[in-house]
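Here is the structure we will look at, set down as structure tokens.
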Amino acid sequence: MKPELLAPAGSPESLRAAVQNGAGAVYLGWGDFNARRGARNFSDGEFADALAYCHVRGVRVFLTLNTLVTDRELPKALETAAAACRLGVDAVLVQDWGLFDLLRRALPDLPLHASTQMSVFTSGGAMEMAADGCERVVIARECSKEDTAAICQNCPAEVEVFVHGALCMCYSGQCAMSALIGGRSGNRGRCAQPCRLPYGVNAPAKKGYPLSLKDSCLARELRDMAGMGVACLKLEGRMKRPEYVAVITRIYARLLEEGRAPTSAEEAELARAFSRSGFTDWYWQGRHGAGMFGTRPENAPDPKELFDAAKAVYERDDLRTVPVRFTCGIRAGAPCALTAADPDGHTVTVAGPVPEAARNRAVSAGEIEERLKKTGGTAFRCERADVTVDDGLSLPASAVNALRRDALAALAAARAAPPVRRELPAPPLPDINCAADTPRLTVSVTNAAQLTGGLLDLHPARTYVPLELLADFPALPRGETEWCAILPRVWRDRDEAGLRRWLDKARAMGVTGVLLGNIGHLPLVRDAGLALYGDFGLNVFNARSLDYLRGKGLASACVSFELRSAQIRDMQKLLPAEAIVYGRLPLMITENCLIENSGGCRCDRPNFLNDRTGAAFPLLPAYGHRTEVQNSKVLWLADRPDWKRLGLAYARLRFTTEPPEECVRVFRAYLDGAAAPGAFTRGLYERGVE
């Protein structure tokens with residue numbers, strides 16, 4: 001089956017460009033809860049018009065509600081989705097767990113798509129979303145063809161793949177760089193694109209761009225994707241101009257229709273429309289490296305000739321028409337009738353005046369047929385007209401034209417009519433309160449040296465250790481603490497057998513809990529006999545997210561560090577809640593190893609990403625030869641007692657680059673309420689994010 005082609009519509013003009021150039025569906029933003037709030041997006045009237053315009057032409061419309069949502073924003077987000085549902089939107093893309101759970105309960109007939117912001121990159125994660133009612137899962141851009149084939153084979157939901165456009169350096173949904181540096185959250189649709197700025201890896205930031213990936217172009221891979229069962233091919237570009245949308249949609253639509261790879265001329269057109277030092281397909285090929293990176297000059301000129309031609313075509317608005325079959329009967333003594341039918345099963349019939357007896361020349365079936373074929377300026381084209389006329393009758397041309405107009409208007413209304421869907425009351429949250437008077441301190445470590453007797457003598461409530469680090473332990477150190485394994489934030493299907501062996505070993509050593517940072521972790525650990533705790537990677541932003549995770553069997557969850565302290569305080573604690581109160585907060589987790597890309601793997605020693613201001617961001621190796629970028633300053637709240645009054649059950653001290661003795665000093669400082677000994681940040685606890 002041929003995959004659906006999904007094109008970006010950042011404005012009404014881009015929507016027309018996408019539709020007229022062959023898109024099977026478009027995705028767009030309406031309201032305040034979409035991941036491209038910087039795009040023009042759609043007003044209320046434009047959104048309703050967009051739905052009618054697309055549906056008449058057989059194009060589906062997906063609404064992006066794919067941002068994190070606070071408790072106060074949830075009612076408005078639900079109303080946005082409900083209004084879109086009433087108007088007939090075909091699906092809604094969601095990131096936030098609480099909003100997802102609310103929509104599936106309050107709008108049970110509205111199709112939901114798991115946004116790429118949910119960070120799904122394994123069969124287990126995709127199957128988890130399918131089991132919870134997602135019709136489609138948009139998988140991570142970093143997935144290779146082998147990863148994608150495995151997910152398509154195992155997941156009962158549709159699988160959507162990004163095939164063209166910008167690549168984020170960080171896994172979608174896991175980037176906090178824009179939020180922590182500039183207060184503009186990518187998880188809230190306000191990314192400032194810090195990855196496009198110059199940096200140096202273990203060197204001053206000059207003219208290097210180690211975070212700026214080339215755009216992806218998978219135009220040569222469409223036949224393989226269709227063969228493995230990919231349901232939808234997504235083109236990125238809601239922030240780009242309509243002419244760009246027209247060019248890339250036209251080329252990809254043609255490739256899908258003709259079942260072929262692009263010609264060199266088509267590849268050149270794609271590059272002229274927009275590229276960053278060319279394109280890359282390395283993630284799809286399972287490759288990484290410095291060859292994936294590129295830039296685009298700030299004032300790079302648009303290809304005027306290419307864009308002018310594209311604009312001239314889509315502004316005509318007549319490329320995309322629906323075939324219609326007319327059946328017309330002109331009978332003596334009865335109102336004339338015209339029936340219009342489309343290939344999708346819609347049939348309408350309209351009536352006109354009673355024909356008169358001809359005084360001079362009688363109207364012929366051929367004349368009527370010719371007038372019915374004049375559908376210019378509409379979304380329809382006459383494929384066939386069957387006309388029956390009794391002898392000796394007269395019918396003015398104006399009456400035939402009115403019949404045609406009325407029939408096409410009725411057919412358009414039938415095609416654009418929204419489906420009947422249930423709209424149920426928003427379910428109330430359960431009467432549960434897991435708030436604590438004072439949080440207990442927990443610690444997470446990055447290396448074995450940090451697990452000293454001095455640290456464990458301070459009796460952390462929990463000690464979180466990376467699973468891959470535990471795999472090398474002969475035994476756990478002695479200490480009055482609950483030992484918990486941190487699962488890798490990023491992995492693949494092929495890694496799961498090894499992860500399960502490590503979990504078995506950890507449990508045998510005395511580990512009793514496991515820290516989950518991804519929805520795909522759940523199938524790995526449900527039967528492992530361990531307590532399940534949610535990590536920051538789950539992006540818990542509201543009480544409904546806590547309730548959703550409670551239903552998944554979690555015993556506690558770490559809330560997002562993009563929340564202000566007041567938002568954490570006011571959140572109903574439907575699970576025992578945890579927050580990070582100390583440490584270098586993670587800015588990115590990347591598929592590429594930044595250290596290896598800079599000229600050789602030196603992951604066994606300190607490495608830094610340096611920006612133009614001189615700030616140095618530590619680079620830590622992550623499971624699978626990936627990189628986690630840490631903030632340049634540590635979060636310090638010890639001297640601000642407010643963190644103890646947020647209703648948290650646990651407060652985490654996150655140790656990354658600290659030497660062992662520093663870990664002990666920090667723990668004592670939080671017990672004593674001491675001031676920071678050096679440079680620090682308050683994170684987002686006080687200022688929050690846009």
* Scan side-chain atoms only and decide if Glu562 and Ser560 contain a donor-acceptor pair under the 3.5 Å cut-off. => no
* **side chain to side chain donor-acceptor pair (under 3.5 Å): pairs with one or both residues in residues 290-299, sequence neighbours excluded** => none
* Asked: Can you list the residues that meet the side-chain hydrogen bond (donor to acceptor under 3.5 Å, both in side chains) rule with Thr321, with sequence neighbours excluded?
  -> Arg381
* Asked: Which residues satisfy the side-chain hydrogen bond (donor to acceptor under 3.5 Å, both in side chains) test with Glu383, sequence neighbours excluded?
  -> none
* Passes side chain to side chain contact (heavy atoms under 4.5 Å, CB included), Arg57 versus Gln20? Steps please. -> CA-CA 9 Å; Arg57 291 162 177 79; Gln20 292 300 321; 3.8 Å; yes
* Asked: Knowing that exactly one of Tyr53, Trp30, Phe42 qualifies, which makes a ring pair (Phe, Tyr, Trp, His ring centres under 6.0 Å) with Phe47?
  -> Trp30
* **Side-chain donor-acceptor pair present, Arg196, Ser212, cut-off under 3.5 Å** => yes
* Asp281 with Arg220: basic N within carboxylate O range, under 4.0 Å -> no
* **Flag side-chain contact, heavy atom, 4.5 Å: Arg188 against Glu73** => yes
* **Side chain proximity check, Asn539 to Gln174, heavy atoms < 4.5 angstrom** => yes
* Under the side-chain hydrogen bond (donor to acceptor under 3.5 Å, both in side chains) criterion, do Thr590 and Asn592 qualify, and how do the steps go? -> CA-CA 5 Å; Thr590 68; Asn592 269 271; over 6 Å; no
* Under the side chain to side chain contact (heavy atoms under 4.5 Å, CB included) test, residues paired with Ala253 that sit two or more places apart -> Leu5
* Flag for Ser144-Arg492: side-chain donor and acceptor within less than 3.5 Å -> no
* Asked: Roughly how far, to the nearest 0.5 Å, is the SG atom of Cys195 from the CZ atom of Phe293?
  -> 10.0 Å
* Asked: Do side-chain atoms of Arg238 reach the backbone of Tyr27 as a donor and acceptor pair under 3.5 angstrom?
  -> no
* **Atom pair CG (Leu99) and OG1 (Thr67), whose distance is rounded to the nearest 0.5 Å** => 8.0 Å
* **Intermediate values then yes/no, salt bridge (Lys or Arg N to Asp or Glu O under 4.0 Å), Arg241 and Asp302** => CA-CA 10 Å; Arg241 56 188 298 172; Asp302 287 321; 2.6 Å; yes
* **Exam field: side chain Asp344 to backbone His346, donor-acceptor pair closer than 3.5 Å** => no
* Thr116 and Arg141, any side-chain heavy atoms less than 4.5 Å apart -> yes
* Roughly how far apart are Met588 CE and Leu609 CG, rounded to 0.5 Å? -> 8.5 Å
* Structure fact -> Smallest heavy-atom separation, Val56 atom then Ala412 atom, equals CG2-O, 3.6 Å
* Asked: If you count the non-hydrogen atoms of other residues, nucleotides and ligands that lie under 6.0 Å from CD in Glu258, is the total more than 12?
  -> yes
* Asked: How far does OG1 of Thr375 sit from CZ of Arg404, to the nearest 0.5 angstrom?
  -> 7.5 Å
* Structure fact -> Hits for side-chain hydrogen bond (donor to acceptor under 3.5 Å, both in side chains) against Ser277, two or more places apart or cross-chain, chain-then-number order -> none
* Asked: For Lys633, does the NZ atom have more than 12 heavy-atom neighbours from other residues, nucleotides or ligands under 6.0 Å away?
  -> no
* Would you say Leu563 and Leu684 make side-chain contact, with heavy atoms under 4.5 Å? -> no
* Give a yes or no answer on whether the side chain of Asp96 reaches the backbone of Val69 with a donor-acceptor pair at less than 3.5 Å. => yes
* Classify the ring geometry between Phe561 and Phe536 as parallel (under 30°), tilted (30 to 60°) or perpendicular (over 60°). => tilted
* Arg276 CZ to Asp215 CG distance, which is reported to the nearest 0.5 Å -> 5.0 Å
* **Distance-only side-chain donor-acceptor flag, Asn187 / Ser185, under 3.5 Å** => no
* Partners meeting side-chain hydrogen bond (donor to acceptor under 3.5 Å, both in side chains) with Ser264 (sequence neighbours left out) -> none
* Asked: Do any N or O atoms from the side chain of Trp97 and from the backbone of Leu538 form a donor-acceptor pair under 3.5 angstrom?
  -> yes
* Donor-acceptor pair, Arg564 side chain versus Gly688 backbone, under 3.5 Å? -> no
* Phe279 side chain near Leu218 side chain, heavy-atom distance below 4.5 Å -> no
* **Lys/Arg N to Asp/Glu carboxylate O, Asp342 vs Arg415, below 4.0 Å** => yes
* Asked: In Å, rounded to the nearest 0.5 Å, how long is the span from CZ of Phe162 to CH2 of Trp284?
  -> 14.0 Å
* Asked: Side chains of Arg254 and Glu266: closer than 4.5 Å at any heavy-atom pair?
  -> yes
* Asked: Is it true that Asp317 and Arg16 have a side-chain N and a carboxylate O under 4.0 angstrom from each other?
  -> no
* To do: Please find out if less than 6.0 Å separates the ring center of Trp491 from that of Phe121.
  => yes
* Structure fact -> Residues Glu135 and Ala157: closest non-hydrogen pair is O-CB, 3.6 Å
* **Asn518 (side chain) donor-acceptor with Ser119 (main chain) under 3.5 angstrom** => yes
* **Sub-4.5 Å side-chain heavy-atom contact between Val92 and Phe62** => no
* Do we see a donor-acceptor contact under 3.5 Å between the side chains of Asn66 and His113? -> no
* To do: Please say whether more than 12 non-hydrogen atoms of neighbouring residues, nucleotides or ligands are located less than 6.0 Å from CD in Glu257.
  => no
* Side-chain donor or acceptor of Arg584 paired with backbone N/O of Ser632 under 3.5 Å -> yes
* Please report the C-alpha distance between Leu270 and Ser275 in whole Å, then the side-chain angles of each, then the deciding distance to 0.1 Å, and finally whether the side chain to side chain contact (heavy atoms under 4.5 Å, CB included) criterion is met. => CA-CA 8 Å; Leu270 291 172; Ser275 74; over 6 Å; no
* Asked: Just by modelled atom types, is the Ile589 backbone N or O under 3.5 Å from a matching donor or acceptor in the Thr627 side chain?
  -> no
* To do: Determine yes or no for a side-chain-to-main-chain donor-acceptor pair under 3.5 angstrom, with Ser115 supplying the side chain and Leu93 the backbone.
  => no
* Test Cys54 against Leu15 for side chain to side chain contact (heavy atoms under 4.5 Å, CB included), laying out the working first. => CA-CA 9 Å; Cys54 289; Leu15 179 136; 3.8 Å; yes
* To do: Side-chain contact test, heavy atoms from C-beta onward, threshold under 4.5 Å: evaluate it for Pro586 versus Arg489 and give yes or no.
  => yes
* **Pair Tyr252, Asn21: side-chain N/O donor-acceptor within cut-off below 3.5 Å** => no
* Dump the intermediate steps for side chain to side chain contact (heavy atoms under 4.5 Å, CB included) on Phe617 and Asn631, then the final yes or no. => CA-CA 5 Å; Phe617 303 90; Asn631 201 6; 3.8 Å; yes
* Would you name the heavy atoms of Asp147 and Glu142 that are closest together and state the gap between them? => OD2-O, 4.4 Å
* **Residues Lys304 and Glu243 bridged, charged N to O under 4.0 Å** => no
